[in-house]
Amino acid sequence: MKASIFIAAHNKRVPMSNVIHSISIQKTSFPFEVCFVDDGSDPNEECLSILDHKLHHDMWKYCRILKNVGCGKSQIECLSMMAPDSEAIILQSADEIGRAHV
């Protein structure tokens with residue numbers, strides 16, 4: 001089995017660093033790839049360098065969309081990047097869980 005992790009992000013550089021790090025330390029019994037779409041992020045929020053630094057180059061695919069098109073269309077782009085031998089899709093986000101202020 002091979003899995004494809006879909007990540008579509010817009011202006012999420014800081015939380016994405018943690019997400020990519022978490023993916024990079026996973027120990028699995030199957031191969032996986034990361035299909036990452038930068039959905040029109042500002043230039044200072046772009047995540048390509050994080051992928052390049054944290055994951056081996058043959059583990060990820062990257063596409064940058066110049067204008068924000070939204071999560072649904074970005075994930076369709078991930079689908080087009082997915083390896084033909086993938087049998088599972090994992091949708092990953094860069095959302096952070098915050099603490100409620102009481």
Side-chain angles (χ1 to χ4, degrees):
M1 180 180 91
K2 181 175 184 173
S4 294
I5 302 169
F6 288 7
I7 304 174
H10 174 74
N11 289 340
K12 298 279 189 171
R13 183 175 175 78
V14 172
M16 192 52 62
S17 181
N18 292 330
V19 170
I20 298 301
H21 174 73
S22 294
I23 291 170
S24 73
I25 61 174
Q26 294 302 307
K27 304 292 184 221
T28 64
S29 60
F30 54 87
F32 65 89
E33 66 179 356
V34 175
C35 299
F36 188 96
V37 173
D38 186 326
D39 186 12
S41 295
D42 298 334
N44 61 334
E45 290 288 327
E46 178 269 325
C47 296
L48 180 58
S49 62
I50 295 170
L51 288 164
D52 195 36
H53 178 72
K54 302 251 184 204
L55 295 174
H56 193 269
H57 71 276
D58 63 351
M59 291 179 62
W60 57 272
K61 299 173 184 174
Y62 176 85
C63 175
R64 179 169 169 76
I65 300 173
L66 297 179
K67 180 181 177 190
N68 182 259
V69 296
C71 187
K73 288 184 179 181
S74 294
Q75 289 183 349
I76 289 171
E77 185 65 32
C78 287
L79 186 62
S80 73
M81 294 166 32
M82 183 177 85
D85 59 339
S86 278
E87 297 178 36
I89 297 172
I90 302 163
L91 301 177
Q92 177 65 54
S93 73
D95 293 333
E96 295 178 292
I97 299 173
R99 287 196 262 172
H101 298 283
V102 181

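Quick caveat, the model's predicted, so the values are computed rather than measured. Basis for what follows: all heavy atoms, side chains included, without hydrogens, waters or symmetry-related copies.
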I need the [X] [atom1] to [Y] [atom2] distance, nearest 0.5 Å.
| X | Y | atom1 | atom2 | result |
| --- | --- | --- | --- | --- |
| S24 | L51 | OG | CG | 10.5 Å |
| I23 | T28 | CD1 | OG1 | 11.5 Å |
| I5 | I89 | CD1 | CD1 | 12.0 Å |
| I20 | C47 | CD1 | SG | 7.5 Å |
| M16 | S22 | CE | OG | 11.0 Å |
| D52 | K54 | CG | NZ | 12.5 Å |

[X] to [Y] - nearest heavy-atom pair and separation:
| X | Y | value |
| --- | --- | --- |
| K2 | E33 | NZ-OE1, 4.1 Å |
| D42 | R64 | C-NH2, 4.4 Å |
| S86 | A3 | OG-C, 3.9 Å |
| A9 | S41 | O-OG, 3.7 Å |
| C35 | C78 | O-SG, 3.3 Å |

Give a yes or no on whether the backbone of [Y] and the side-chain of [X] come within a donor-acceptor separation of less than 3.5 Å.
| X | Y | result |
| --- | --- | --- |
| K61 | M81 | yes |
| E77 | C63 | no |
| E45 | R13 | yes |

[Y] and [X], any side-chain heavy atoms less than 4.5 Å apart:
| X | Y | value |
| --- | --- | --- |
| N11 | N68 | no |
| C71 | D39 | no |
| I50 | V19 | no |

Task: Under the side chain to side chain donor-acceptor pair (under 3.5 Å) test, residues paired with H56 that sit two or more places apart - done: D58
Open item on the list: Which residues pass the side-chain contact (heavy atoms from CB on, under 4.5 Å) test with L48, not counting sequence neighbours?
Closed with: E46, W60, Y62
Open item on the list: List the residues meeting side-chain contact (heavy atoms from CB on, under 4.5 Å) with H53, not counting sequence neighbours, and say none if there are none.
Closed with: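 For H53 there are no side-chain contact (heavy atoms from CB on, under 4.5 Å) partners, ignoring immediate neighbours.
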Starting from [Y], can I reach [X] by hopping between I/L/V/M/F/W/Y residues whose side chains sit under 4.5 Å apart?
| X | Y | value |
| --- | --- | --- |
| I65 | F36 | no |
| I90 | M59 | yes |
| F6 | V37 | no |
| M1 | M82 | no |

